[in-house]
Amino acid sequence: MNFATRSLLELQETTLLAARAFRGVFKRPRYIQETIDQMDAIGVGSLTIIILTGFFTGGVLTVQTFPTLKAYGAQSQTGYLVAVSLVRELGPVLCALMVTGRVGSAISAELGSMVVSQQIDAMRALGTDPIRKLVWPRLFALLVSLPLLTVLADVLGIFGGWVTAVALYSVSSSVFISAVRDGITTDDLIGGVVKPIVFSLIIGAIACRQGLSTEGGTVGVGRSTTRAVVMASIVVIIADYFLAKALQVILGTT
């Protein structure tokens, strides 16, 4: 089986898995507590890495771009550049990649361990649908948590850029904040929310699919985890390109 065929089959199976998860949303039982636990593990558990990533990304944007802007006499637009870069692109993508490394690997490893220890088979034997009990809570938790984490990263990134600009380059605080306000538009905010929603579906579906398809005992768990992180990261980056172009066309910013 060649690479293209394998990729299409993986895409099909992953899409069908996500569709089955959404199809069972309104059926009982709801597994509300499981969903809340996943939101705590995914959202609250990722706060530290997202806070650090957002703050220092904004700071390094200022460090790298301020000298160039100053050379053209446009140093007052530092806040504009930092805000637009974070909200449109860096915030959603970096958050998705960080969550993929932390959460995607954990989901795949957890479900893979349940497969090799035959816990999934036991659930089916007892009449419990593992898609509704295991996949949907994780998908929903990602759908809620990743956009919120992205917004937090954007805010902290702008704050990190402000701190760096004011402390290192003596940029006026009012000038930086004014440039940020002028730079961020409604279209940017829409794109900054749509992207993490799509990325959360990609991360959750791929991680769950790889975990549930684990074979080969405990060694297979490691392979599934690696595949989940690599595949989700690559698909997120590819999807970001097409989403960016689609949003430009839909919002009329081309």
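Values below: every heavy atom of this structure, side chains too, minus hydrogens, waters and symmetry copies. Quick caveat: nothing in here was measured; it's all calculated off a predicted structure.
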Solution key, residues 76-85 side-chain donor-acceptor pairs under 3.5 Å, sequence neighbours excluded:
unit_1: T78; atom_1: OG1; unit_2: Q75; atom_2: O; d: 2.7
unit_1: S85; atom_1: OG; unit_2: L81; atom_2: O; d: 2.8

Show me the donor-acceptor pairs within less than 3.5 Å that the side chains of residues 55-64 make with the rest of the protein, sequence neighbours left out.
unit_1: T57; atom_1: OG1; unit_2: T53; atom_2: O; d: 2.5
unit_1: T62; atom_1: OG1; unit_2: G58; atom_2: O; d: 3.2
unit_1: T62; atom_1: OG1; unit_2: G161; atom_2: O; d: 3.3

Determine whether L47 and L146 fall in the same hydrophobic cluster, where Ile, Leu, Val, Met, Phe, Trp and Tyr are linked whenever their side-chain heavy atoms lie under 4.5 Å apart.
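In one cluster: yes.
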For residues 93-103, which residue pairs qualify under side-chain hydrogen bond (donor to acceptor under 3.5 Å, both in side chains), counting only residues two or more places apart or in two chains?
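Counting only pairs at least two positions apart or across chains, the side-chain hydrogen bond (donor to acceptor under 3.5 Å, both in side chains) contacts touching residues 93-103 are S46-R102.
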Can you list every pair that meets side-chain hydrogen bond (donor to acceptor under 3.5 Å, both in side chains) and has a residue in residues 108-122, with sequence neighbours left out?
E110-R138, S117-Q119
Going by side chain to side chain donor-acceptor pair (under 3.5 Å), name the residues that satisfy it together with D182, two or more places apart in sequence or in a different chain.
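Partners of D182 under the side chain to side chain donor-acceptor pair (under 3.5 Å) test: none.
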Can you list every pair that meets ring-ring contact (aromatic ring centres under 6.0 Å, His included) and has a residue in residues 121-154, with sequence neighbours left out?
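Found F22-W136, W136-F140.
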Output the rest of the hydrophobic cluster of [X]: all Ile, Leu, Val, Met, Phe, Trp and Tyr residues reachable through side-chain heavy-atom contacts under 4.5 Å, sorted by chain and number.
X	result
I36	I32
V230	I234, I238, Y241, F242
V221	V116

Which residue pairs satisfy the salt bridge (charged side-chain N to carboxylate O under 4.0 Å, His left out) criterion with at least one member in residues 214-240, sequence neighbours excluded?
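Those involving residues 214-240 are K195-D240.
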Any heavy-atom pair between the side chains of R6 and E10 that's under 4.5 Å?
no
Residues that F66 engages under ring-ring contact (aromatic ring centres under 6.0 Å, His included), provided they are two or more places apart
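In terms of ring-ring contact (aromatic ring centres under 6.0 Å, His included), with neighbours along the sequence ignored, F66 is linked to Y169.
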Backbone of V166 reached by a side-chain donor or acceptor of S170 within 3.5 Å
no
Those residues that, when tested against E13, pass salt bridge (Lys or Arg N to Asp or Glu O under 4.0 Å) (two or more places apart)
none
